[in-house]
Asker: 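My questions all concern the structure below.
The sequence lines fix the lettering, A, B, ..., with proteins before strands; numbering per chain opens at 1.
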Amino acid sequence: MKYIDEFRDGDSARHIADKIAAEVKPDLAYNFMEFCGGHTHAISRYGIADMLPPNVRMIHGPGCPVCVLPIGRVDLAIRLALERGVILCTYGDTMRVPASNGLSLIKAKARGADIRMVYSAHDALKLAEQHPDREVVFFAIGFETTTPPTALVLRDAKARGLRNFSVLCCHVLTPAAITHILASAEAREIGTVPLDGFIGPAHVSIVIGSQPYVPFAQTFHKPVVITGFEPMDVMQGILMLVRQVNSSRAEVENEFSRVVTPTGNLAAQQIMAEVFELRESFEWRGLGEVPTSALKIRPEFATWDAERKFELVYASVPDHKQCECGAILRGVKRPQDCKLFGTVCTPESPMGSCMVSNEGACAAHYSYGRFRDLALVNKGPTASNSIAT
Amino acid sequence: MCLAIPARVVEILPGQRAVVDLGGVRKEVSIDLVADAQVDDYVIIHVGYAIGKIDPEEAQRTLALFAELSEAQNSPQPLSVMGEVL
């Protein structure tokens, strides 16, 4: 497919890998965080980690909206469906996020709740039109990529006077989370790894542009390179980060210039500002309460705000004691460091949120990386032959 | 969640809607966020909405850089020259 295949060329990726190997300084360590789950997925799927020198380490960040969704928020949605009899609509990834009492949305559906997986916020609005006798709630999650569509359906619901539709808003913000990882005392207490640069989100940056990263690149002196999700984009982004570190620069660079501009999508920003305002604080799985890191629905749209309409009260719920998702989201631990990984916690039956979406660090490692850890695989051709026989 | 793919606009419909082609698969999406999208433009589709347009010149420029890098590796040219270009 155009604009996909040409950015997946193996030979070109190897040329970039050679360039990275030639330019890294052996006495330096390069710890780069890919904030976005889309990059985590690409790095695992295309074996990018294996193409990097040993002193260049990629650390998975908290940029998967399913992974950072706290249990208490999923509980609110489940209660709406089980106890209040609403038709609850949400994106497919959200269906299997573990919640309290061994439940998830898909398990609540099995208990008789009317929960429906939708491809688009637009589909949830259509359901409300088709069922005027039922309350339809859209459980909206995601970063700045997914937020403008939610804003558009809220605007449309208000314009049409569609009073049986509302949104349980759990939209979160990228720059606030990156700043939190670098700045807050809380983050330092719970532990984060030292970082030398960031791979900036691809599709989030289509909406917000590259400019929002400039102040924090300057304040924290960390380079940021916005890259696309294809393997050559990611490799090129890593090369650009290595060059910034080598020359002690901390700038925002844009490898994904075919879609990302400095100012982003102004129409999307305008509709977001019209419908949403900042929350004072929001709980993230793994990061705890993060100030001004999420959005809530403006009072003008209160009729379509499920939290107000159903008088929902949020309660924080701790993760399972053995689950390491929190530490993995902060980059302190790797998926394979978790006792539950690949045993009781698998993509088919996830215990933790990082195993749910294919952009989650654990799911990506389970699908594409776990055999790298096995001694047999690492022994090379001889071992492979012995497996074959 | 945040994965999105490039698709070609094949038909503009009323109400800020459009039909896009994703490698042979056709789908109706919203172009409310990319109001200036025209037939044959490539847009990035995410959860049923076009969120941005692909700039073909910039895409070509990025690919040209990859190509130059490959040529530089296969020629005796000093690699530092590429360092300034990239």
Side-chain angles (χ1 to χ4, degrees), chain A residues 1-4 6-7 9 11-13 15-16 18-19 22-23 36-38 41 63-66 91 93-94 118-123 141-143 145-146 148-149 152 201-204 206-207 228-229 232-233 236 239-240 243 255-261 264-265 267-268 271 357-359, chain B residues 1-8 15-17 21-25 27-37 40-74 78-80 82-86:
Chain A
M1 282 170 68
K2 196 172 178 187
Y3 297 120
I4 294 183
E6 60 268 54
F7 292 90
D9 179 65
D11 285 339
S12 297
H15 285 305
I16 305 173
D18 292 344
K19 196 84 183 117
E23 293 196 20
C36 187
H41 182 79
C64 161
V66 173
Y91 297 124
D93 280 354
T94 320
V118 290
Y119 166 65
S120 166
H122 180 73
D123 297 342
I141 78 158
F143 286 91
T145 335
T146 323
L152 284 172
H203 296 144
V204 160
I206 295 174
V207 174
F229 283 138
M232 282 164 67
D233 290 321
Q236 179 66 25
L239 176 61
M240 290 162 80
R243 286 177 174 169
E255 186 276 340
F256 201 33
S257 58
R258 61 187 183 273
V259 209
V260 172
T261 61
N265 184 330
I271 185 70
S357 165
N358 57 16
E359 292 162 56
Chain B
M1 264 306 297
C2 288
L3 290 181
I5 38 175
R8 185 171 62 88
Q16 306 281 0
R17 311 280 298 167
D21 181 293
L22 307 118
V25 176
K27 185 157 180 59
E28 190 184 316
V29 299
S30 164
I31 51 165
D32 219 326
L33 300 167
V34 190
D36 61 338
D40 285 338
D41 280 347
Y42 274 79
V43 290
I44 300 279
I45 304 293
H46 176 63
V47 296
Y49 288 77
I51 56 168
K53 268 169 58 175
I54 293 181
D55 180 336
E57 284 176 19
E58 284 293 333
Q60 204 45 52
R61 206 165 291 151
T62 305
L63 288 169
L65 284 177
F66 295 148
E68 280 178 43
L69 191 62
S70 301
E71 281 164 23
Q73 298 250 314
N74 297 328
L79 291 176
S80 59
M82 291 307 302
E84 286 165 19
V85 175
L86 285 177

Asker: For the atom pair CD (A:Q236) and CZ (B:F66), what is the distance rounded to the nearest 0.5 Å?
Answerer: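 A:Q236 CD to B:F66 CZ: 5.0 Å, rounded to 0.5 Å.
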
Asker: Apply the test side chain to side chain contact (heavy atoms under 4.5 Å, CB included) to residues A:S257 and B:D55: give CA-CA distance (whole Å), side-chain angles for both, the deciding distance (0.1 Å), then the verdict.
Answerer: CA-CA 8 Å; A:S257 58; B:D55 180 336; over 6 Å; no

Asker: Nearest 0.5 Å please: distance from the CG atom of B:L33 over to the CD1 atom of A:I206.
Answerer: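 Here the interatomic distance stands at 11.5 Å.
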
Asker: Side chains of B:R8 and A:Y3: closer than 4.5 Å at any heavy-atom pair?
Answerer: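 A side-chain contact under 4.5 Å is absent here.
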
Asker: With a 4.5 Å cut-off on side-chain heavy atoms, are B:K53 and A:V259 touching?
Answerer: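 No, side chains not in contact.
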
Asker: What distance separates A:M232 CE from B:L63 CG, expressed to the nearest 0.5 Å?
Answerer: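 Rounded to the nearest 0.5 Å, the CE-CG separation comes to 6.5 Å.
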
Asker: Name the member of B:A67, B:S30, B:P6, B:A7 that forms the most heavy-atom pairs with chain A at distances under 4.5 Å.
Answerer: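 So the answer, after comparing B:A67, B:S30, B:P6, B:A7, is B:P6.
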
Asker: Compare every heavy atom of B:Y49 with every heavy atom of A:S120, then report the nearest pair and how far apart it is.
Answerer: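 Closest approach of A:S120 to B:Y49, heavy atoms only: OG-CE1, 3.4 Å.
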
Asker: What are the two closest non-hydrogen atoms of B:I51 and A:N265, and how far apart are they?
Answerer: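 Nearest pair, atom of B:I51 first, then A:N265: O-ND2, 2.8 Å.
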
Asker: How many angstroms lie between CG in B:D32 and NE2 in A:H122, if you round to the nearest 0.5 Å?
Answerer: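 One finds 10.5 Å between CG of B:D32 and NE2 of A:H122.
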
Asker: For the atom pair CZ (A:R258) and CD1 (B:I44), what is the distance rounded to the nearest 0.5 Å?
Answerer: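 Here the rounded value is 7.5 Å.
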
Asker: Answer yes or no: is there a side-chain heavy-atom contact under 4.5 Å between A:F7 and B:T62?
Answerer: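 Sidechains of B:T62 and A:F7: in contact.
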
Asker: As an exercise: rank B:E57, B:Q60, B:R17 by heavy-atom pairs under 4.5 Å with chain A and give me the winner.
Answerer: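 When all of B:E57, B:Q60, B:R17 are compared, B:R17 has the most.
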
Asker: Among A:P149, A:G37, A:G264, A:S12, which has the most heavy-atom pairs under 4.5 Å with chain B?
Answerer: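 That would be A:P149.
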
Asker: Any side-chain donor-acceptor pair under 3.5 Å between B:H46 and A:T146?
Answerer: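 Short answer, yes.
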
